[in-house]
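Single-structure report; data block below.
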Amino acid sequence: MKNFRIICICLSSLMLMMLGLQACQGNNGPKPIKYGTDQCAYCKMTVSDQRFGTQLQTKKGRVYNFDDVSCMVAYVKESKVKKEEVASYYLPDYTNNKLMPAEKMFYLKSEELKSPMRGNVAAFGNKADLEKTKASLGGKILTWDDLWK
């Protein structure tokens with residue numbers, strides 16, 4: 001009987017630890033955006049273009065989708081979500097539409113991109129794709145920090 005009690009206590013402790021670790025995991029990457037259905041948290045337009053739809057996730061796990069990076073930046077600048085509350089920013093790679101961490105991407109601003117809110121900024125997962133697009137569309141290379149100025 002004593003061994004049974006010890007086993008129950010150990011199992012209970014192990015389960016509590018596992019639940020605690022799961023809660024601490026926080027952000028597990030971008031959540032799928034439902035293009036054509038989800039609304040931009042800033043301008044309320046439907047998020048429809050996979051090349052430009054972005055996502056912000058808070059430290060508490062709340063997810064906000066945007067139809068253009070300019071809407072996401074404006075949303076934070078206007079303190080709808082405070083910058084210190086943001087866990088992650090995700091932007092789609094212009095070449096394959098896969099959402100990736102914003103800080104790891106390369107940016108091109110070109111009037112030829114014609115993004116939904118005319119921010120006209122595209123993100124790229126690698127510099128070679130950015131250079132190839134810049135050669136055909138023109139524009140200016142930016143950094144993540146440049147988008148916040």
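- Checked against the 6.0 Å centroid threshold, Phe106 and Phe124 do not count as a close aromatic pair.
- In this structure, the side chain of Gln57 engages the main chain of Gly29 through a donor-acceptor pair within 3.5 Å.
- Annotation: side chain of Leu91 is not in contact with side chain of Met100 (no heavy-atom distance under 4.5 Å).
- Between Leu147 and Lys109 the shortest side-chain heavy-atom distance does not fall below 4.5 Å.
- The shortest heavy-atom contact between Lys114 and Glu111 is NZ-O, 3.2 Å.
- The hydrophobic cluster containing Val121 also contains Tyr64, counting ILVMFWY residues as joined when their side-chain heavy atoms lie under 4.5 angstrom apart, directly or transitively.
- Side-chain atoms of Lys59 come within 3.5 Å of backbone N or O of Glu84 as a donor-acceptor pair.
- Here the CG atom belonging to Asp49 is positioned 12.5 Å from the OG1 atom belonging to Thr46, to the nearest 0.5 angstrom.
- Looking only at side-chain heavy atoms (C-beta outward), Glu85 and Arg62 stay at 4.5 Å or farther from each other.
- Contact check for Leu108 versus Tyr94: no side-chain heavy atoms found under the 4.5 Å cut-off.
- Counting only N and O atoms by type, the side chains of Asp145 and Thr143 include no donor and acceptor under 3.5 Å apart.
- Of the inter-residue distances, the one linking Asp129 atom CG with Asp93 atom CG reads 6.0 Å to the nearest 0.5 angstrom.
- Asp146 has a carboxylate O that lies under 4.0 Å from a charged side-chain N of Lys149, or vice versa, which qualifies the two as a salt bridge.
- Among all heavy-atom pairs drawn from Gly53 and Tyr35, the shortest one is O-OH, 4.1 Å.
- Residues forming a side-chain contact (heavy atoms from CB on, under 4.5 Å) with Ser48 (at least two apart in sequence, or on another chain): none.
- Every residue two or more places apart in sequence or in another chain that forms a side-chain contact (heavy atoms from CB on, under 4.5 Å) with Lys34 is listed here: Thr37, Asp38.
- Looking at heavy atoms from C-beta onward, Tyr89 lies in side-chain contact with Glu103 at the 4.5 angstrom threshold.
- Rounding to the nearest 0.5 angstrom, the gap separating the OG1 atom in Thr133 from the CD1 atom in Ile141 is 10.5 Å.
- In this structure the side chain of Asn65 never reaches within 4.5 angstrom of the side chain of Cys40, judged on heavy atoms.
- In this structure, CD on Glu112 lies 6.5 Å from CG on Leu137, to the nearest 0.5 angstrom.
- Lys140 contributes atom NZ, which lies 14.0 Å from atom CG of Asn120 (distance to the nearest 0.5 angstrom).
- Proximity of a side-chain donor or acceptor of Gln55 to a complementary backbone N or O of Lys31 within less than 3.5 Å is detected.
- A distance of 10.0 Å separates NZ of Lys134 from NZ of Lys127, quoted to the nearest 0.5 Å.
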Could you tabulate the donor-acceptor pairs under 3.5 Å formed by side-chain atoms of residues 66-79, not counting sequence neighbours?
residue: Asp68; atom: OD1; partner: Ser70; partner atom: N; Å: 3.0
residue: Asp68; atom: OD1; partner: Ser70; partner atom: OG; Å: 3.2
residue: Asp68; atom: OD2; partner: Ser115; partner atom: OG; Å: 2.6
residue: Asp68; atom: OD2; partner: Met117; partner atom: N; Å: 3.0
residue: Asp68; atom: OD2; partner: Gly119; partner atom: N; Å: 3.4
residue: Lys77; atom: NZ; partner: Trp148; partner atom: O; Å: 2.9
residue: Glu78; atom: OE2; partner: Tyr42; partner atom: OH; Å: 2.7

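- If you chain together hydrophobic residues whose side chains sit under 4.5 Å apart, Leu142 and Met105 fall into the same group.
- Two residues are said to be in side-chain contact when any heavy atoms from C-beta on lie closer than 4.5 Å; Tyr90 and Pro101 meet this criterion.
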